[in-house]
Amino acid sequence: FMARVYNFSAGPSMLPEPVLRNAQAELLAYHGSVQRGRELSHRSSWFEEILASTEAAMRRVLGVPDNYRIGFFQGGATQQFAMVPLNLMTTGTADYLVTGNFSKKAAEEAAKFGTARIAASSKDRNFTYIPDVKAVEYDPNASYIHICQNNTIFGTTYVELPQVEGIPLVADVSSMIFSEPTDVTRYGCLYFGVQKNVAPAGMAVAILREDLLGRSAKGIPAEKIPTMMNYTTLLKADSMYNTPPCWCIYMTGLMMDYLEHEIGGLAQMQQINQAKAKVLYDYLDGQSFFKNPVEPRYRSRMNVTFTSPTPELDKEFCAEAAKAGLLNLKGHRLVGGMRASIYNAMPPQGVEALVAFMEKFRRAHA
Ligand code: PMP
């Protein structure tokens, strides 16, 4: 049994060890199939079983109601930035809340298909907070309201969701999905890249309310939407319109199994994640060498940013941490400093090891 290093990468990120062990065990023989898991034809009954059971497990774990469709897509969360407006911007305009880099990119992509109105932004204070969603003036003509619910780079998260009668909420939940219970009924569309909290890189999942199917951006007839970017085509074919990302779907299935049976559901996962984040934020609040710039109410429980007194010390911190088995702590270039991504798969021991290392570093350099 090898001691595992702790990978604090924002994504692709760690997967839980039991999930990896299951994948390893099944790699050579999937449930009595003579074919190897990875090589299964996507038209085989084995793969249809994997796809159906993965979707069913996701419905149970996340509580996805029957009137929502689940789709497995290639192209990452970034492709969803375009698919959302192409399929849903029926009025030619949508409201975007810009709270970081990814919501900005989503808005820029949407502007190619219509008006992406910036209804609110937290750029004025370098994205260290989330605008008060109740105080925002939404456009009554908006096709939808788009948010990025957890800002991976800036380490912020929403505490309340925009809810406007008759206007669907669309959320990029890439860096927080399955970290806590989610009330799917509050959204028209949820989407996420799987490479942070769910599976190896290579797939995005979109969960869409059925009544939003069959639409298209104003001025773009539905049949002109490229087939692979059309939610309706793909969701009606149960993600099997063409060759789906089989391996990612299979790994997602193992992750759902782990969340359901080993963790015991998302409420339990939330408790574990809250406890982990508390260890790190309590440490940050109890000293003044390291600083976290985020307004405390909006702190992310998945991505924790901090800086030391100087960029030189930040660099030294990351280098020494890596030698101690604490990997990928360098902050995003837009923010500098450090970022510890502590998704579901980061064990509490990893966070404790990080805090112990931070304290050692502080003592040596304060
Ligand atoms: N949205 C968020 C919140 C992200 O963190 C990321 C990736 N870091 C993306 C979108 C882009 O995802 P992808 O690389 O899957 O396109």
Side-chain angles (χ1 to χ4, degrees), residues 7-15 71-86 96-110 112 116 121-123 127-130 144-159 161-162 169-180 182 187 189-207 228-229 231 234 239 244-245 247-249 251-252 255 273 294 298-305 328-335 338-346:
N7 178 7
F8 292 91
S9 169
S13 32
M14 290 174 78
L15 289 167
F72 302 101
F73 305 106
Q74 304 194 21
T78 304
Q79 180 161 299
Q80 300 297 315
F81 295 168
M83 284 176 73
V84 164
L86 253 176
Y96 277 74
L97 275 58
V98 174
T99 55
N101 194 46
F102 293 110
S103 45
K104 180 167 166 272
K105 284 190 169 165
E108 285 166 359
E109 200 69 5
K112 296 178 181 172
S121 165
S122 53
K123 191 171 191 289
F127 302 119
T128 53
Y129 72 103
I130 302 290
Y144 56 85
I145 298 166
H146 182 281
I147 62 167
C148 175
Q149 201 170 327
N150 184 82
N151 296 284
T152 323
I153 294 175
F154 294 91
T156 59
T157 201
Y158 279 71
V159 293
L161 296 175
L169 175 64
V170 177
D172 174 356
V173 288
S174 295
S175 50
M176 62 166 300
I177 190 68
F178 298 114
S179 68
E180 60 184 39
T182 295
Y187 306 84
C189 172
L190 280 165
Y191 67 86
F192 50 95
V194 294
Q195 67 272 29
K196 296 154 198 303
N197 236 354
V198 190
M203 181 170 85
V205 177
I207 302 175
M228 289 306 295
M229 307 214 32
Y231 282 129
L234 293 165
S239 303
W247 174 245
C248 286
I249 292 171
M251 290 297 288
T252 300
M255 178 66 90
N273 285 327
V294 172
Y298 301 111
R299 284 170 165 177
S300 168
R301 288 170 297 280
M302 296 284 103
N303 312 97
V304 181
T305 59
N328 295 315
L329 282 160
K330 190 171 180 292
H332 193 276
R333 66 196 145 69
L334 290 174
V335 181
M338 277 72 74
R339 170 178 52 174
S341 293
I342 51 173
Y343 300 118
N344 288 355
M346 176 59 66

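Counting starts at 1 for both ligands and their atoms, following the listed order. Any value given below was found using the heavy atoms of this structure, including those in side chains, with hydrogens, waters and symmetry copies removed.
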_Using a 4.0 Å heavy-atom cut-off, which part of Phe192 comes near ligand 1: side chain, backbone, both, or neither?_
neither
*Which of the atoms of ligand 1 are close to Gly76, meaning less than 4.0 Å from one of its heavy atoms?*
15 (O), 16 (O)
*Please write down residue, atom name and distance for the protein heavy atom closest to atom 1 (N) of ligand 1.*
Asp172 OD2, 2.6 Å
*Is Cys148 in contact with ligand 1, taking contact as a heavy-atom separation below 4.0 Å?*
yes
*About how many Å separate OG of Ser300 and CD1 of Ile342, when rounded to the nearest 0.5 Å?*
7.5 Å
*Using a heavy-atom cut-off of under 4.0 Å, does the side chain or the backbone of Ala201 touch ligand 1, or both, or neither?*
neither
*Just jot down the ligand 1 atoms closer than 4.0 angstrom to any heavy atom of Phe81, in number order.*
10 (C)
*Does the pair Asn303 and Thr152 meet the rule for a side chain to side chain donor-acceptor pair (under 3.5 Å), with working shown?*
CA-CA 6 Å; Asn303 312 97; Thr152 323; 4.7 Å; no
_Under 4.0 Å, heavy-atom basis, I'd like to know which part of Ala77 is in contact with ligand 1: side chain, backbone, both or neither._
both
*asked:* Any nitrogen or oxygen of Lys196 lying under 3.5 Å from a nitrogen or oxygen in ligand 1? Just yes or no.
replied: yes
*asked:* I need the nearest protein heavy-atom contact for atom 16 (O) of ligand 1: residue, atom name and distance, please.
replied: Thr78 OG1, 2.5 Å
*Considering non-hydrogen atoms only, spot the tightest contact between Val194 and Pro200 and give its length.*
CG2-O, 3.4 Å
*So Tyr96 and His146, would you call those rings parallel, tilted or perpendicular, with 30° and 60° as cut-offs?*
parallel
*Is there a nitrogen or oxygen of Asn150 sitting under 3.5 Å from a nitrogen or oxygen of ligand 1?*
no
*Identity and separation of the nearest protein heavy atom to atom 3 (C) of ligand 1*: Thr152 OG1, 3.3 Å
_Among all protein heavy atoms in this structure, tell me which lies nearest to atom 14 (O) of ligand 1, with the distance rounded to 0.1 Å._
Gln195 NE2, 3.4 Å
*Considering only heavy atoms from C-beta outward, does the side chain of Phe102 approach that of Phe154 to under 4.5 Å?*
no
_Pair Lys104 + Glu108: basic N to acidic O under 4.0 Å_ = yes
*Between Gln79 and ligand 1, find which residue part has any heavy-atom pair under 4.0 Å and reply side chain, backbone, both or neither.*
neither
*Nearest heavy-atom pair of Val294 and Gly155: which atoms, and what distance?*
CG2-O, 3.6 Å
*Pro12 and Asn7: which non-hydrogen atoms are nearest, and at how many Å?*
O-ND2, 4.4 Å
*Can you find a heavy atom in the side chain of Met83 that is under 4.5 Å from one in the side chain of Leu234?*
yes
